[in-house]
Amino acid sequence: MGEPVSFPGQNMVLRAPPGQEETVRDLYTFTNGYCSVSCWQLSAEELAEINRTGMVFISIFSGRSQPPVFVGDEESVRSIVVDYGGVWKKGGV
């Protein structure tokens, strides 16, 4: 499973609900009030599987809906977020 990681420009940390600290990790995000961005690091095995299949799966734990999401590298995500407000200072991960 990908691991959420801190990144230059992140300005918020979403914490686990009380009692779920063992299974839910902190999620480091950048927000401009309209968009929320997080950064994930994948293992060598996960990268190999993605390279083999060309597919990434996203699971949102919200029940019956899927909010709009955009998955991409830092530059492509920045190019979308800028349309909705400020972006984080580039720092590379």
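We find the CG-CD distance between Asp26 and Glu21 to be 9.5 Å, quoted to the nearest 0.5 Å. How far CD of Gln20 is from CZ of Arg15: 15.5 Å, rounded to the nearest 0.5 Å. Remark: Ser36 OG to Leu14 CG distance equals 6.0 Å, nearest 0.5 Å.
Residues Val13 and Gln10 approach most closely at CG2-OE1, 3.9 Å, considering heavy atoms. Pairing each heavy atom of Phe30 with each of Gly9, the nearest pair is CD1-O, 3.4 Å.
Val71 and Ile60 fall within a single hydrophobic cluster, where Ile, Leu, Val, Met, Phe, Trp and Tyr side chains are chained together by heavy-atom contacts under 4.5 Å.
Put simply, the side chain of Trp88 reaches to within 4.5 Å of the side chain of Glu74, judged on heavy atoms.
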Practice task
Take Leu27 and Trp40, measure what side chain to side chain contact (heavy atoms under 4.5 Å, CB included) needs, and give me the verdict at the end.
Solution key: CA-CA 9 Å; Leu27 182 61; Trp40 296 76; 3.7 Å; yes
Handout entry: Audit row: Glu49, Arg52, side chain to side chain contact (heavy atoms under 4.5 Å, CB included) steps and yes/no
Key = CA-CA 5 Å; Glu49 179 66 8; Arg52 185 183 73 75; 2.8 Å; yes
Exercise for the section: Apply side chain to side chain contact (heavy atoms under 4.5 Å, CB included) to Val5 and Phe7, showing your working. Expected result: CA-CA 6 Å; Val5 294; Phe7 60 98; 5.6 Å; no
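Other residues, nucleotides and ligands contribute over 12 non-hydrogen atoms within 6.0 Å of the CZ atom of Phe70. The neighbour count for Glu3 CD, taken as heavy atoms of other residues, nucleotides or ligands under 6.0 Å away, is above 12.
Remark: Lys90 engages Glu75 in a salt bridge, criterion side-chain N to carboxylate O under 4.0 Å.
Checked against Val37 for a side-chain contact (heavy atoms from CB on, under 4.5 Å), the options Val81, Thr29, Asn11, Val87 give a single hit: Val81.
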